[in-house]
Structures are given as C-alpha cells and as structure tokens.
2 protein chains.
Amino acid sequence: MTVAEQTAPGRRDRKKRLTRDALTTAALRLVAEHGLENVTVEQISEAADVSARTFFNYFSSKDEALIGNPAADRELLLARLVATPPGVPALEAIRLALTETVETMQADRELWRLRLAVIERNPALLTRLIAGNAEAERAIVETIADRLGVPPDHGHPALVAAVAGAAFRTALLRWAAEADTRPLGDLVHEAFAAVAAGLPDPRP
Amino acid sequence: MTVAEQTAPGRRDRKKRLTRDALTTAALRLVAEHGLENVTVEQISEAADVSARTFFNYFSSKDEALIGNPAADRELLLARLVATPPGVPALEAIRLALTETVETMQADRELWRLRLAVIERNPALLTRLIAGNAEAERAIVETIADRLGVPPDHGHPALVAAVAGAAFRTALLRWAAEADTRPLGDLVHEAFAAVAAGLPDPRP
DNA sequence: ATAAAAACTTGCAGAGCGTGCAAGTTTCCT
DNA sequence: AGGAAACTTGCACGCTCTGCAAGTTTTTAT
C-alpha cells in the first residue's frame, strides 16, 4: 500500500482540496479587508459557495480556516528530528528538522504573507498561531528527551523546545514584516545562531 | 492624590474584590473537577451567587476568569525594566524585572497551583496563558530596543523578548509540575542561565 | 452498466458565549 | 437626607459550533 500515495487522487479528493482552498483564501481575504470581528462564518462560506454547515466540516473554528492546522507537518517534523544524527546539538537538530517546513512556506510565500499580515492585524490570531507551535512543542519535548538521554522530569528538553519555538516565531514575523529581501531560512538560521550564542547584546 | 492609595477601600471596592475572587475560585474549582467544556458561565456565576450577566461585567470571557488578566502587573514590569541600569544585559534585565511578579506568584502559590493544574489539563487555556505573555512581549520589545539603542527593524529585541517569555513559561509549568520543593524564582533563574549559556546539551 | 456502499453536503434545531440596553438597587458624597 | 455614581440584573439578540437526519455525489463491486 506504499504505492497508493502515488496514485492520482480521485475527483472527490480534488474537489475537497478545492473547497478547502476556496474557504481559506475567502476567509483570509475577507478578514484582511474587514477585520476578524466583522466577518462571519456565513460570509466566508457564501464567498466559497458552500453552506455554513460545510464550513465546519472542514474547519473546527473560524480561526482554523485562517491559520491552518499544521498537524500534517508535525509528523514529518518529528520524523526528521528522529532521523538527525545523535552528535548534533538539540537546538541545531530542531532547526534542521524545520528546513523542510521552511521551504514549503517559502514556496507558498504569497499565501503566508497574507496569512501573517492578517495575524499581525488581529492579535487574537497570534494566540492561535503560537498555540499551534505549542502543540508541536509537546511532541518535540519527548523526542529531545530521548535524544539527550535525560530523565523525563528534567527541564532542559522543554526549555529547548520552547525557546526554539520562540525563535522560529520571531523569524516568521520578521519575514512577514520585511520587504521580502531575505528568505525565511536565513532568518531562522540567524535567530537560532543568536540563541546558541546566548543572546548577547548587539553593539550599537 | 498620591496618598489616596493608602486610604482603606470602601465597602463597594471590598465587595467587588470579593465577588471577583469568588468567581475565579468557583471557576477554577469547577473546571478542575469537570473540565473546561463541561462548565458553563451560568454554573460559575451560580456558584459565586451572582447573575450570569454580572460575570461578564468582571471578565470578558470564561477563560479570563481562569487565567486572570495580568495587565496590572505589566505596567509594573515595564517600570522595573526601565529602571534597570543600562550596563545589565537585556536578558538579565528582563529576569530582574520579573522578580516582583515571581514573588507575588510564590506568595499566592496555592492559587497558582490550582490554576496551572487546570491549564495543564485544558490545553486550550495554555493558549491564553501564552497569549497573555505575548501581549506583554510587545511592550517589552520596545523597551529593550530603546535600551540597546538599535533600530526598530532590528530583530534582536523581539527575539530576546520571545525567548525570555518562553523561558519564563517553562519555569512556570515546571514549578507547577514538581512537588513544590523549589521556589519559582530558582527555576526562573536556572532557565535564564541556561539560555544565556546558549542552551548546550547537558551531559547524561 | 448498474446497484449497493461510502463519502460529502445541507438544513434544522439547539446549547453556549458574549454584548447592548434599560431598568432596578446599593454605595458614595455633600 | 437626597442626588449622583456605580453596580447588578433580566432580556433580547447575533454569533459560534455540534448532532442528527435527510439528500446528493462519488466510488466500488458485480
């Protein structure tokens, strides 16, 4: 059944992807224009030409349509983390595991621009974005603890995961804020390097 | 009018504090027992012997009754941050500014235990807790940028603030998870020290 | 090709959250 | 004592999200 992933998706799956995309982009566009509070699920559904009930078959909340559910990436992330050779320091291992995610985002950068712009204008969503990271953290913590061979009550893995998440998040927001002169990967790399150096004050 | 703060609060303010406390503790106890989803605002209000409408005069959401609104502390935090001598590195300055908050929490540790236990059991709330920190971050970023004398588009202040927030949060959760052998201040100190050292892998 | 099975969409009803408004009641101030 | 200010409460309302019971479309097997 490993070959099954290569077979072209049927009409049903194509339609599903289509409506899903229609819903996210409709949601993003409407919220970008009118603000989070002034857009109802009904309006989004109408713009995507489906019923409001169908909206909730795709997303469990209005926010999720905007932010996306990175659960799919999470598996991949963990797999890459496990696959990283044991000699690599934990922080660096996380950065390496993130590269694939980063590249995907860089490829979809127009979508992510819009998404991050919407997030910046609606702080309530920043919450959700961070929360997504926070869920990923939980899984990462265990993997890191294994990697380092420390007892589960040791605070270090949780600290590393949380800090890595914070570094990634700031790189993301910076990427969205800057005119897109620099690729996301560079900004992530820079942030992780600064953390690994102990965050010394820069000389002005 | 600076003396006014010393005058004893009138009956009205006393009652307000009372109902507010009644609402938070009722909310925490009920949610601790039945879970976040299975407790309604009406039940909380009833337990505190006020109308449901009054609940919303005190808190803007169910979550807020559980998490609390740290806006009050925020001002104090910023003031302390500004007051820290310029020679101190940014990361350490943030830790010092946090000491007062930490002491308050240590004093109210029973309340915070319950609160953090509730948060751990209801991940949706972790979101809110982090969001509170995220809001504090925004304010801290500017102060740090001033302190370091770097241009506002420089990414460093945002990174330091985010990482400091992450370190504080992990210390907090660890404090709640451990049998309370160690004071919160120690755990915060330890986390910040590890960050300042660049988060090297511990030797197993 | 056709019929049964599976998956998807939709409307409807309903519980809950959160807000604005217009009373009533309590506390405060003089 | 009496008016002003603050607080509480009920009511109506819009919105989010869920479960259920249809209908419709796609898939699968014959």
Length of the line joining [X]:[atom1] and [N]:[atom2], which is rounded to integer Å:
X	N	atom1	atom2	value
Phe55(B)	dC11(D)	CZ	P	20 Å
Phe56(A)	dC8(C)	CZ	P	18 Å
Asn57(B)	dG18(C)	CG	P	14 Å
Phe59(A)	dT16(D)	CZ	P	15 Å

### Task
For Phe59(B), check ring pair (Phe, Tyr, Trp, His ring centres under 6.0 Å) against everything at least two apart and list the hits.
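Phe59(B) satisfies ring pair (Phe, Tyr, Trp, His ring centres under 6.0 Å) with Phe55(B) only.
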### Message
Could you work out, with side-chain hydrogen bond (donor to acceptor under 3.5 Å, both in side chains) as the rule, every residue matching Glu100(A), not counting sequence neighbours?
### Response
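Here the qualifying residues are Arg80(A).
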With 3.5 Å as the limit, what N/O pairs link the protein to nucleotides 12-16 of chain C?
none

### Message
If you apply the rule side chain to side chain contact (heavy atoms under 4.5 Å, CB included), what do you find for Leu172(A) with Met105(A), and how did you get there?
### Response
CA-CA 10 Å; Leu172(A) 208 57; Met105(A) 294 176 73; 3.2 Å; yes
### NZ/NE/NH1/NH2 to OD/OE distance under 4.0 Å, Glu110(A) and Arg113(A)
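No, this pair does not count.
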### Query
Among residues 12-27 of chain B, which residues get a heavy atom nearer than 4.0 Å to DNA chain C?
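Per residue number, the list reads Arg12(B), Lys15(B).
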### Message
Using a 4.0 Å heavy-atom cut-off, does Tyr58(A) contact any base of the nucleic acid, only the sugar-phosphate backbone, or nothing at all?
### Response
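The residue Tyr58(A) makes sugar-phosphate contact but no base contact.
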### Query
Are OP1 or OP2 of dT9(C) and a side-chain N or O of Thr54(A) less than 4.0 angstrom apart?
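Result: no.
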I'd like a table of donor-acceptor pairs (distance under 3.5 Å, sequence neighbours excluded) in which one partner is a side-chain atom from residues 152-162 of chain A, with atom names and distances.
residue	atom	partner	partner atom	Å
His154(A)	ND1	His156(A)	N	2.9
His156(A)	NE2	Pro200(B)	O	3.4

### Trp112(A) six-ring face occupied by Arg115(A) cation (under 6.0 Å, within 45°)
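The answer is yes, since Arg115(A) meets both limits relative to Trp112(A).
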### Query
Can you find a heavy atom in the side chain of Leu114(A) that is under 4.5 Å from one in the side chain of Thr25(A)?
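No, side chains not in contact.
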### Close side-chain approach of Ile144(A) and Leu81(A), heavy atoms under 4.5 Å
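When only atoms from C-beta onward are counted, Leu81(A) and Ile144(A) do touch, with a gap below 4.5 Å.
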### Query
Considering the terminal five base pairs at each end of the helix from dA1(C)-dT30(D) to dT30(C)-dA1(D), what angle separates the two local helix axes, rounded to 10°?
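About 20° separates the two local helix axes.
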